[in-house]
Amino acid sequence: MLTRTPGRIATGAIATLAGIAVLSPMAHADSHTSAAPKKPSKLTVQSYTKYLKKQHTGHARATLVKFNKLNKKQKAVFLKDLQDRKVYKALQGKVNVRFNKPVTTTDKYNKEVTFVTQTNTSIAKDKAGTATVRFTVTEKIFNIPVTAETISIKFGTAPKASKRATATAGVKNVNAAIAIDNKRVNVKGNFAQTTWTATPQVKSFGKKAVYKTEKVFANKSRVRAGLANIG
């Protein structure tokens, strides 16, 4: 499922990645946790298949087709990695590249898990010369994408373009062990930041949520972006 959160627009000096304070994870705590139904102990082939069928999205349908093609042993390994807290916490990435240079890097976590970091840039042929920067970090198991967290920022490059940037954040998640969301995207100058909250849906993932911050800073020359754990 893909969710998007618009950014709040702010003016002021351009911020750097190091100059923005991380939002407090406690601001994203679920106030209705006590009323939540009892969580299942772990994911099974049957429960995960049922979960994918209930999503009613193209992403979930594609995942189901690929998951069904795995053999019995691979399915067991897939589900073990999917609900492993350590694997999700290892999902991180960062870039510092030229603006007009698309970059894709792949890091191996183990034999079947990889983390893919992608950065794409473009400039529209409009009066503002609107530049768009999109930064995504994706976790794949047996080359099947299970979660992808994205932050995007847009800003004008023409001399008379508005100095106000806008930003959005979105997640594609078919990891039934966690529900991932964010509240907002903060924007200051050409810097955007959001905080992701991964709330456990099964006991095997652990009791506490995992918090990540995703940031992007861009101008016509450079792009710096990153996804990292909070705490």
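Here, residue 1 is the first one in the sequence, and each next residue gets the next number. Note: hydrogens, waters and symmetry copies are ignored here, and every other heavy atom, side chains too, is used.
The environment of NZ in Lys108 is crowded: more than 12 heavy-atom neighbours from other residues, nucleotides or ligands sit within 6.0 Å. Atom CZ of Arg98 has 12 or fewer heavy atoms from other residues, nucleotides or ligands within 6.0 Å. Annotation for Lys94: atom NZ does not count as buried by contact number, only 12 or fewer foreign heavy atoms lying within 6.0 Å.
A donor-acceptor pair under 3.5 Å is formed between the side chain of Asn110 and the backbone N or O of Glu112. At distances below 3.5 Å, at least one donor-acceptor pair connects side-chain atoms of Thr157 with backbone N or O atoms of Gly129. At least one donor-acceptor pair under 3.5 Å links the side chain of Asn173 to the backbone N or O of Ile178. Using modelled atom types, no side-chain atom of Arg224 and backbone atom of Asn96 make a donor-acceptor pair closer than 3.5 Å. Here the side chain of Asn190 pairs no donor or acceptor atom with the backbone of Asn219 at under 3.5 angstrom. Under a 3.5 Å cut-off, the side chain of Asn175 and the backbone N or O of Leu82 do form a donor-acceptor pair. Although no hydrogens or angles enter the test, the distance criterion places a donor-acceptor pair under 3.5 Å between the side chain of Lys212 and the main chain of Leu91.
In this view, Phe78 and Tyr48, Phe67 satisfy the ring pair (Phe, Tyr, Trp, His ring centres under 6.0 Å) rule, not counting sequence neighbours. In terms of the side chain to side chain donor-acceptor pair (under 3.5 Å) criterion, Thr147 has no residue partners (sequence neighbours excluded).
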**OP:** Any chance you could lay out the side-chain contact (heavy atoms from CB on, under 4.5 Å) test for Ile123 and Phe99, step after step, and finish with the verdict?
**Re:** CA-CA 10 Å; Ile123 296 182; Phe99 173 83; 3.7 Å; yes
**OP:** Starting from the C-alpha separation in whole Å, work towards a yes-or-no answer on side-chain contact (heavy atoms from CB on, under 4.5 Å) for Lys183 and Thr194.
**Re:** CA-CA 8 Å; Lys183 300 301 180 184; Thr194 195; over 6 Å; no
**OP:** Might you work through the side-chain contact (heavy atoms from CB on, under 4.5 Å) test for Ile151 and Lys215, ending with a clear yes or no?
**Re:** CA-CA 7 Å; Ile151 190 166; Lys215 311 173 184 180; 5.9 Å; no
Original post:
Which is it for Lys207 and Lys39 under the side-chain contact (heavy atoms from CB on, under 4.5 Å) test, yes or no, and what are the steps along the way?
Top reply: CA-CA 10 Å; Lys207 295 181 180 180; Lys39 296 183 179 67; over 6 Å; no
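Listed by first and then second residue, the ring-ring contact (aromatic ring centres under 6.0 Å, His included) pairs involving residues 115-151 are Tyr109-Phe115 (not counting sequence neighbours).
A continuous path of ILVMFWY side-chain contacts below 4.5 Å connects Ile144 to Val171, so both sit in one hydrophobic cluster. If you chain together hydrophobic residues whose side chains sit under 4.5 Å apart, Val77 and Leu70 fall into the same group.
In this structure, the side chains of Asn229 and Val210 come closer than 4.5 Å at one or more pairs of heavy atoms.
Under 3.5 Å, the side chains of Thr138 and Gln118 contain no donor-acceptor pair of N or O atoms.
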